[in-house]
Q: 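Provided herewith is a single structure, encoded as structure tokens, for subsequent inquiry.
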2 protein chains.
Amino acid sequence: MLEGKFDEASLLKKIVDSIKDSVKLCNFNCTEHGITVQAVDDSRVLLVSLLVGQSAFSEYRCDRDITLGIDLESFSKIIKCGNNEDYLTLLAEDSPDNVMTIFEDKKKERVSEYSLKLMDIDSEFLKIDDMDYDTVINMPSAEFAKIVRDLKNLSESLTIIVTKDSVKFTSEGESGTGSVVLKPFTDMDKPEESVKVALSMPVNLTFGLKYLGDIIKATGLSGVITIKLADKTPALFEYKLDAGGYLRFYLAPKFDEDD
Amino acid sequence: MLEGKFDEASLLKKIVDSIKDSVKLCNFNCTEHGITVQAVDDSRVLLVSLLVGQSAFSEYRCDRDITLGIDLESFSKIIKCGNNEDYLTLLAEDSPDNVMTIFEDKKKERVSEYSLKLMDIDSEFLKIDDMDYDTVINMPSAEFAKIVRDLKNLSESLTIIVTKDSVKFTSEGESGTGSVVLKPFTDMDKPEESVKVALSMPVNLTFGLKYLGDIIKATGLSGVITIKLADKTPALFEYKLDAGGYLRFYLAPKFDEDD
DNA sequence: CCCGAGTGGT
DNA sequence: ACCACTCGGG
């Protein structure tokens with residue numbers, strides 16, 4: 001039996017909103033340590049890997065491993081039925097047909113319950129190797145989101161060029177080109193505002209803005225995004241959950257014609 | 001001759017917006033006491049009853065009873081031509097072909113006038129009996145609206161079950177079910193937030209969510225909705241106008257198959 | 001009274 | 001999935 005209670009419904013709402021535009025159906029794998037999801041988007045280009053750690057719940061109990069095959073669109077509708085600050089509890093039996101979502105107002109004068117029918121979804125559970133990356137960037141997630149949104153107007157690809165002392169995002173399109181250059185710096189007062197670059201080798205990689213546009217839907221999950229890059233290797237875009245866990249997106253770079 | 005002046009055009013705008021999705025054409029019956037409207041929606045299931053009391057106007061005069069047959073869609077377009085905080089005056093002759101809508105900026109630097117052609121609309125004026133109801137619920141109108149919006153995602157019907165110490169709203173659909181349970185309580189500081197139940201007999205009634213969806217368009221008119229229920233009797237959903245008057249919707253419950 | 005967020009419609 | 005409108009907050 002699974003019983004997981006969030007102190008704020010908004011956390012689960014943000015998580016689901018962060019992935020539901022990439023992935024329509026996915027399995028929630030519940031274990032004693034928390035809930036994980038792994039899924040690829042419809043075009044099989046973007047890999048989503050979520051861990052909601054046990055510590056992200058105010059109460060959590062999962063005696064035996066349980067898989068919940070969920071239609072994220074329906075689930076998202078249910079989650080919107082709560083208020084952000086409500087308690088949210090997920091309940092499921094050991095071999096469930098349904099998952100129950102319960103909202104409780106903190107004044108306890110209102111309780112709403114929604115039952116969602118589960119689906120059988122087959123998915124290979126992908127083993128993701130810990131890679132060595134040439135470059136790791138930490139930056140404010142909102143700033144990254146704005147760059148992606150802005151440059152999406154110009155073309156379909158975004159190139160990220162990292163050198164020892166700068167990160168450059170550029171996009172070239174029909175009607176013009178655009179670029180944003182960031183210098184690493186540390187804001188002592190607001191560390192979240194810092195831009196940090198750890199680099200063992202310069203990189204120059206190009207990504208599809210369509211997928212980056214999906215990735216930045218997760219901006220609300222964390223003030224900081226970590227981007228790990230290496231030549232000819234899927235890039236890792238990571239949002240850490242304050243409460244414990246992460247949402248990671250793996251996206252292969254576009255290859256140059258002369259490769 | 002009718003001359004009715006609203007201190008804020010927004011009041012009339014809210015009123016018209018509250019009913020124009022239920023009713024396309026209706027008679028505005030103007031008497032010395034104010035303006036009333038009674039109409040049924042196209043499917044003749046939902047009855048709308050409006051009273052804009054004389055006190056809701058900053059100036060009001062109506063020597064003889066006048067009937068204004070109005071196309072609400074056109075009227076709504078006219079009303080949107082003013083600013084919310086403008087004065088709005090309705091003018092009509094004793095046997096009018098037109099009604100004039102006049103907006104005045106409060107600084108008196110702008111006056112706009114719109115004339116709307118009237119229509120001949122036949123409508124039985126329905127005598128609505130004062131019913132005895134088994135249950136009266138008072139609750140925040142916004143909360144009722146959210147429940148209707150949320151449960152509308154699940155199915156086409158909403159069941160309201162009232163007992164001595166709870167009000168339960170439930171809906172069952174293909175992909176899942178949902179329910180919201182409210183406990184009556186009184187908020188001393190914000191009485192509008194209270195949920196009150198006066199019950200002489202428990203009720204269990206089912207309504208079409210389509211119509212409830214129309215009813216909650218009136219949410220802006222009042223912070224509180226009063227719902228009066230009795231078995232096999234049209235339910236009354238009432239929004240009181242702060243300035244004097246009310247907007248009431250009468251909706252027959254769906255009947256069980258075994259009735 | 002303006003702005004941002006949430007919601008409903010195309 | 002995107003855009004426009006409406007509503008609530010500053």
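This is a predicted model, so every value here is computed, not measured. Chain naming here is simple, since letters A, B, ... match the order of the sequence lines and numbering starts at 1 in each.
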Q: Calculate the interatomic distance between B/Arg149 atom CZ and C/dG8 atom P; express it in whole Å.
A: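 One finds 5 Å between P of C/dG8 and CZ of B/Arg149, rounded.
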
Q: Taking only residues two or more places apart in sequence or in another chain, which ones pass side-chain contact (heavy atoms from CB on, under 4.5 Å) with A/Val45?
A: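 So A/Val45 forms a side-chain contact (heavy atoms from CB on, under 4.5 Å) with A/Asp41, A/Ser43, A/Tyr211, A/Leu251.
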
Q: Under the rule for side-chain contact (heavy atoms from CB on, under 4.5 Å), what residues qualify as partners of B/Thr89, not counting sequence neighbours?
A: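 If we apply the side-chain contact (heavy atoms from CB on, under 4.5 Å) test to B/Thr89, skipping adjacent residues, the hits are B/Glu3, B/Lys5, B/Leu91, B/Ile102, B/Glu104.
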
Q: State which residues pass side-chain contact (heavy atoms from CB on, under 4.5 Å) with A/Asp150; sequence neighbours excluded, sorted by chain then number.
A: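 Counting only residues at least two positions away or on another chain, A/Asp150 forms a side-chain contact (heavy atoms from CB on, under 4.5 Å) with A/Lys146.
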
Q: Of all residues at least two apart in sequence or in a different chain, which pass the side-chain hydrogen bond (donor to acceptor under 3.5 Å, both in side chains) check with B/Lys14?
A: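 None.
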
Q: Residues in side-chain contact (heavy atoms from CB on, under 4.5 Å) with A/Ile121, at least two apart?
A: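 Counting only residues at least two positions away or on another chain, A/Ile121 forms a side-chain contact (heavy atoms from CB on, under 4.5 Å) with A/Leu25, A/Asn27, A/Met119.
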
Q: Given C/dC1, C/dG6, C/dG8, identify the nucleotide with an atom nearest to the side chain of B/Glu85.
A: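 Among the listed nucleotides, the one closest to the side chain of B/Glu85 is C/dC1.
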
Q: Generate the contact string for nucleotides 1-10 of chain D. Rules: B means base contact, S means sugar-phosphate contact only, - means no protein heavy atom under 4.0 Å.
A: S---------

